[in-house]
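Labels below follow one simple rule: chain letters A, B, ... track the order of the sequence lines, proteins then strands, and each chain is numbered from 1. Computed from heavy atoms alone, side chains included, the values below leave out hydrogens, waters and symmetry copies.
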There are 2 protein chains.
Amino acid sequence: MTNRNITIKDVAKQANVSVATVSRVINGLDRVSESTRKRVLKIIQELNFVPNNMAASMVNKKTNMISVVVPEIQNPFYTAVIEGTVEVAKREGFFTLVLSTNGDEGEEEEFLDSFLGKNVDGIILIGSHKEAEFYREIQKPTILVDRYFNDSGHDGVMIDNYRGAYEATKHFIEYGHERIAIIDGAHDFNDGKDRFWGYKQAMLEHGFTPDPAYHKQGNWTEEDGYKFAKELLQSHQPPTAIFAANNVLCKGTIRAIRDMNLKLGEDISLIGFDENELAQFVQPQVTVVRRPTREMGEQAAEMLIHKIKGGQLEPSKPKKVILDVELMKCGSVKKLN
Amino acid sequence: MTNRNITIKDVAKQANVSVATVSRVINGLDRVSESTRKRVLKIIQELNFVPNNMAASMVNKKTNMISVVVPEIQNPFYTAVIEGTVEVAKREGFFTLVLSTNGDEGEEEEFLDSFLGKNVDGIILIGSHKEAEFYREIQKPTILVDRYFNDSGHDGVMIDNYRGAYEATKHFIEYGHERIAIIDGAHDFNDGKDRFWGYKQAMLEHGFTPDPAYHKQGNWTEEDGYKFAKELLQSHQPPTAIFAANNVLCKGTIRAIRDMNLKLGEDISLIGFDENELAQFVQPQVTVVRRPTREMGEQAAEMLIHKIKGGQLEPSKPKKVILDVELMKCGSVKKLN
DNA sequence: TTGAAAGCGCTACCAA
DNA sequence: TTGGTAGCGCTTTCAA
């Protein structure tokens with residue numbers, strides 16, 4: 001522990017070969033006679049030598065690690081994405097480094113400039129920055145996940161937020177709902193924006209004008225979900241249906257409905273975006289727009305590693321992969337017609 | 001992106017100084033005249049130079065990163081620990097690298113041998129290995145969290161699992177319960193073992209002999225919680241109280257109770273270990289043994305960084321810090337007496 | 001206050 | 001098949 005680390009040199013000396021030969025053995029290159037290979041291997045064993053891969057990385061400029069940067073690590077959506085990327089990366093021989101930025105742009109930047117950020121071979125990024133500019137400056141293979149910026153110059157893996165929200169809203173309408181509220185947060189990123197548009201478009205296309213009083217916009221937090229759901233339900237003309245535009249807003253809404261002693265799917269209909277634990281727990285279960293979270297991570301990792309391995313071939317136009325969503329109909333939407 | 005990275009040499013040439021001087025400027029050392037410092041700084045700006053900290057690390061043998069290794073990243077207990085360590089580490093100028101091993105010993109080992117594992121300055125480890133031997137071989141500052149091995153040679157941050165379980169069981173007994181069941185998992189680590197002992201000891205001390213039929217031992221999963229709770233509740237002499245020895249077992253138990261249409265805190269009493277979302281959602285809320293998860297991470301990070309900064313002073317005897325737990329009494333325990 | 005130069009541990013080219 | 005050696009980009013003596 002305290003004693004000097006043993007290096008390739010020590011091995012070379014002991015084995016009576018050059019460091020070059022030891023290096024060849026370590027890296028499993030050919031052009032080494034079986035006998036010397038054996039000898040070197042034995043010495044490596046004896047000395048309990050472990051190559052310093054940092055030194056190697058300095059030379060060949062790759063580390064076989066990628067990072068996945070997410071806004072928060074407490075949200076199951078992000079951990080699912082992480083798990084997907086970790087799995088693929090591992091299969092491809094890459095280590096994945098997980099970083100949570102708390103949605104803080106400063107932390108995100110700091111990370112990218114840090115030891116870790118500088119030394120990974122590629123990045124999977126669910127960004128917190130709101131301008132393409134920031135992403136454009138990232139000088140290494142990067143895949144943007146979930147939140148995308150067209151001028152970023154990077155590939156992206158997203159889901160069809162628009163369609164998810166559209167389908168949810170349409171489902172309400174088809175079941176006879178007219179007073180349909182939406183709870184969402186700031187439209188800082190495409191995901192939130194698209195969900196709202198999907199809602200709006202579905203309303204308009206079916207001849208309804210979205211009532212601003214039914215649009216509650218907060219912070220994408222459970223607290224806001226709770227607060228806004230209560231406000232909506234206590235208003236003098238409450239909506240008959242609520243679309244909660246992400247998983248935590250949905251959880252807050254579920255709590256509010258429970259606390260107000262309303263019957264889900266009876267007194268009030270609800271659709272959430274993304275699955276969540278409470279939605280599955282309550283009875284009836286909550287209808288949600290399900291997105292392939294884990295797959296997003298897998299897809300992103302595959303694209304990233306392909307890029308890393310392929311090197312900078314033609315700087316082709318950024319690819320966007322859009323995965324599909326699915327409306328999981330459970331019992332939380334009442335049929336009014 | 002494709003063009004060669006600019007290095008300290010380029011800066012030196014442009015600024016008409018030696019690399020040594022540039023290095024001094026970068027590291028904010030004194031012994032540099034104000035005028036040259038200005039000049040160098042200006043060139044650094046112009047060239048948009050960012051030091052390669054990997055090269056620096058090769059020389060001074062530290063990276064200012066630590067890692068926190070956990071069995072799984074989907075469990076809020078672990079993410080809370082992570083958040084605690086990240087916060088402290090950040091404050092102290094360290095980056096934290098998060099690694100989830102899926103409870104797989106192989107993955108844990110692979111990580112420690114990897115680029116990342118070798119190059120962090122210290123490790124916070126919620127281990128998956130079951131023998132002290134493994135931990136003893138880790139040749140760098142390490143803090144064991146939650147799961148501890150006495151002969152590991154490392155410091156540890158734990159909670160008082162024994163007392164938590166003891167208090168929970170005692171609470172049942174004081175409320176007049178006698179048929180008290182426990183659902184837990186394999187006793188691979190001290191945490192699970194101690195919780196069972198706490199339960200057993202409380203029973204014995206109050207004159208009850210723990211009935212093996214009331215001890216359901218599975219895999220620490222939600223499914224097992226569900227399955228065992230059902231088994232217990234459907235047996236011909238069901239317990240009046242269940243102690244679910246971790247958060248996911250508790251969630252499974254809550255589901256089982258709900259699905260069997262039993263009234264929590266009325267038909268069946270329940271205490272969980274560790275908080276969880278369902279425990280807080282259901283009504284009455286579930287009484288739980290609360291442990292200071294985030295604090296565990298903070299404490300561990302503080303100890304680790306202290307160790308890193310202090311270097312290897314005396315190889316003092318490993319310190320164990322045991323944080324206290326608290327029984328949060330909610331409404332899920334019925335008073336029978 | 002500044003610079004020259006010797007590493008840190010490894011890889012990869014060129015010679016032998 | 002092997003070895004010598006010039007880097008990779010930086011830090012840190014030691015001298016100037």
Side-chain angles (χ1 to χ4, degrees), chain A residues 2-41 43-44 47-65 113-119 121 139-140, chain B residues 2-41 43-44 47-65 113-115 117-119 121 139:
Chain A
T2 51
N3 51 12
R4 196 178 61 79
N5 272 314
I6 64 149
T7 74
I8 201 174
K9 261 189 198 160
D10 304 310
V11 177
K13 199 172 297 169
Q14 282 285 324
N16 247 305
V17 294
S18 70
V19 292
T21 299
V22 178
S23 174
R24 289 187 190 105
V25 172
I26 291 169
N27 295 295
L29 302 179
D30 33 9
R31 329 227 122 245
V32 180
S33 77
E34 202 46 35
S35 62
T36 55
R37 149 169 283 111
K38 282 257 170 61
R39 188 150 37 93
V40 171
L41 249 22
I43 302 291
I44 288 181
L47 266 46
N48 203 2
F49 163 72
V50 184
N52 177 335
N53 30 28
M54 195 141 83
S57 290
M58 271 209 52
V59 177
N60 42 236
K61 271 122 177 44
K62 56 199 199 58
T63 56
N64 284 320
M65 27 188 247
D113 289 338
S114 74
F115 185 102
L116 295 169
K118 307 292 294 187
N119 294 316
D121 294 339
Q139 304 290 46
K140 67 173 65 191
Chain B
T2 52
N3 50 12
R4 198 177 58 80
N5 273 312
I6 64 149
T7 75
I8 200 174
K9 260 189 198 160
D10 303 311
V11 177
K13 199 172 297 167
Q14 283 285 325
N16 248 306
V17 293
S18 70
V19 293
T21 300
V22 178
S23 174
R24 291 188 188 102
V25 172
I26 291 169
N27 295 295
L29 303 180
D30 34 8
R31 329 227 121 246
V32 180
S33 77
E34 201 46 35
S35 62
T36 54
R37 149 169 281 112
K38 282 259 172 58
R39 188 150 38 94
V40 172
L41 249 21
I43 302 291
I44 288 181
L47 265 46
N48 202 3
F49 163 71
V50 185
N52 177 335
N53 30 29
M54 193 141 84
S57 290
M58 271 208 53
V59 178
N60 42 234
K61 269 120 178 47
K62 54 197 200 59
T63 56
N64 284 320
M65 29 188 244
D113 288 339
S114 73
F115 186 102
K118 307 292 295 186
N119 294 315
D121 294 339
Q139 304 289 48

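Comparing the axis of the opening five pairs of the helix from C:dT1-D:dA16 to C:dA16-D:dT1 with that of the closing five pairs yields an angle of 40°, rounded to 10°.
Proximity note for B:Val32 (side chain, C-beta onward) versus C:dT2, C:dC10, D:dG9: the nearest is C:dT2. The listed nucleotides are C:dT2, C:dA12, D:dT11; the one nearest the side chain of A:Asn60 is C:dA12. Checking D:dC10, D:dT2, C:dT2 against the side-chain heavy atoms of A:Thr36 singles out D:dT2 as nearest. Candidate nucleotides D:dG9, C:dG3, D:dG3 were compared by shortest atom distance to the side chain of A:Met58, and D:dG9 ranks first. Between D:dG9, C:dT11, C:dT2, one nucleotide has an atom nearer to the side chain of A:Ile26 than all others, and that is C:dT11.
DNA chain D is contacted by B:Ala20, B:Ser23 of residues 11-23 of chain B, taking any non-hydrogen atom closer than 4.0 Å.
A donor-acceptor pair under 3.5 Å is formed between the side chain of A:Lys140 and the backbone N or O of A:Lys118. Judged by distance alone, with hydrogens and angles left aside, the side-chain atoms of A:Ser23 form no donor-acceptor pair with the main-chain N or O of A:Val19 at under 3.5 Å.
Straight-line distance from the CD1 atom of A:Ile8 to the P atom of D:dG3: 12 Å, rounded to whole Å. As a whole-Å value, the separation of B:Met54 CE from C:dG9 P is 15 Å. Here C:dG3 presents its C1' atom at 15 Å from CG of B:Leu29, a figure rounded to the nearest Å. Atoms NZ (A:Lys9) and C1' (C:dG7) sit 8 Å apart, rounded to a whole Å. Atom NZ of A:Lys38 is separated from atom P of D:dT2 by 13 Å (rounded to the nearest Å).
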(request) Carefully, step by step, assess B:Arg39 and B:Asn16 under the rule side-chain contact (heavy atoms from CB on, under 4.5 Å). (result) CA-CA 9 Å; B:Arg39 188 150 38 94; B:Asn16 248 306; 4.1 Å; yes
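Closest non-hydrogen pair, A:Lys62 versus A:Asp121, comes out as CA-OD1, 3.4 Å. The two residues A:Leu41 and A:Val25 come nearest to each other via the heavy atoms CD1-CG1, 3.3 Å. Between B:Ser18 and B:Ala12, the shortest heavy-atom distance links the atoms C-CB, 3.8 Å. Among all heavy-atom pairs drawn from B:Ile26 and B:Phe49, the shortest one is CD1-CE2, 3.6 Å.
Note that CD1 of A:Ile43 and NZ of A:Lys13 are 13.0 Å apart. Values are rounded to the nearest 0.5 Å.
Within the 4.0 Å cut-off from OP1 or OP2 of D:dT11, not a single side-chain nitrogen or oxygen of B:Lys61 is found. Listed pair B:Asn27 / D:dT11 meets the phosphate criterion, a side-chain N or O lying under 4.0 Å from OP1 or OP2.
Under the 4.5 Å side-chain criterion, counting only non-hydrogen atoms from C-beta, B:Ile6 is not in contact with B:Asn48.
Mapping B:Val59 and B:Arg39 onto DNA chain C via the closest heavy atom, the residue that lands nearer the 5' end is B:Arg39. Position along DNA chain C of the nearest nucleotide to B:Arg31 versus A:Ser57 favours B:Arg31 as the more 5'-ward residue.
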